[in-house]
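Accompanying notes for the structure given below.
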Amino acid sequence: HFADLLKSVSIFMVVFYHCFTAPIWAASESFACFGNYLVKSLLCISIPLFFLVNGGLLFNRPFTLKKHVLKMLRIIFLVIVWDILNVSVKALLSYHSLSVSEFFKKLWLFEAGWSNHLWFLMSLFILYAFFPLMKSAYDYQKKNLLFFGVITAFVVLGNSTINLLISLGTSLPGQFLPESPVNI
C-alpha cells in the first residue's frame with residue numbers, strides 16, 4: 001500500500017514540478033527565490049521516483065511475456081498517435097506549412113518544441129524492453145540484478161559526475177579543460 005501511495009505522491013509531484021513557475025534565480029539573494037529553488041530541487045526527484053516505484057511494483061507481480069509485449073506495443077502506439085497529433089496541431093497553430101518529408105522528419109526525431117516531451121514514454125519503453133531480463137534475475141539470480149544495477153548507476157551517475165567536475169574545472173583560472181560534455 002505504501003508503494004501505491006508513493007506512486008500517487010510522485011505523480012502529483014511530477015505535475016506540480018511541471019506547473020511550478022515561481023522565480024528560482026538564486027543570485028537575487030531573496031528568501032523567496034531561495035525557497036522556490038529549494039522546492040524545485042526537492043520536486044526534481046519526482047520523475048526518477050515515479051520510475052523507481054513503478055518498476056518496484058512490477059517486480060512483485062507475476063510475469064507473462066505475452067502481456068508484457070502487448071503493453072510495450074501499446075506504449076509504441078501511444079507514442080506514434082501523440083507524436084502525429086503534436087506535430088500536426090503545432091504545425092497548424094504556428095502556421096507552419098510542412099512538406100511530407102519535414103513532417104516525417106519531425107515525427108522521427110522528436111524535435112524540441114514539437115514532440116520531445118514524449119521522452120518519458122520512450123524511456124518507459126526502454127525500461128520495459130529490459131524488464132524480462134531484470135525480472136528473471138530478480139526471481140532467480142538477485143546478485144546478477146544487483147550487479148546490473150550497480151553498473152547502470154555507475155554509467156549514468158558516473159558520466160554526469162565526470163561532466164560536472166569538468167564543468168567546475170573549466171571555471172578555475174588557468175585550467176584548460178574541454179568545455180563540451182565528455183562520455184565515459
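These figures come from a predicted structure and were not determined experimentally. Heads up: numbering here begins at 1 and tracks the sequence.
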(request) Share the residues that join Trp108 in a hydrophobic cluster, the rule being Ile, Leu, Val, Met, Phe, Trp or Tyr side chains under 4.5 Å apart at the heavy-atom level. (result) Leu109
Can you list the residues that meet the side-chain hydrogen bond (donor to acceptor under 3.5 Å, both in side chains) rule with [X], with sequence neighbours excluded?
X: Ser101; result: Ser99
X: Asp4; result: none
X: Asp139; result: Lys135
X: Lys67; result: none

(message) I need the Leu107 CG to Lys105 NZ distance, nearest 0.5 Å.
(response) 12.5 Å
(message) With a 6.0 Å cut-off (strictly less than), is the heavy-atom count around CZ of Phe63, excluding the residue itself, greater than 12?
(response) yes
(message) So for atom CZ, which belongs to Phe59, do other residues, nucleotides or ligands contribute more than 12 heavy atoms lying within a distance under 6.0 Å?
(response) yes
Sidechain-backbone polar pair: [X] side chain, [Y] backbone, donor-acceptor under 3.5 Å:
X: Lys106; Y: Val87; result: no
X: Ser136; Y: Leu133; result: no
X: Thr152; Y: Gly149; result: no

(message) Test: side chain to side chain donor-acceptor pair (under 3.5 Å). Region: residues 68-89. Which pairs qualify, not counting sequence neighbours?
(response) Asp83-Ser115, Asn86-His117
(request) Using the ring of Tyr138 (Phe, Tyr or Trp, six-membered ring only), decide whether Lys142 places NZ or CZ under 6.0 Å from its centre and within 45 degrees of its axis. (result) yes
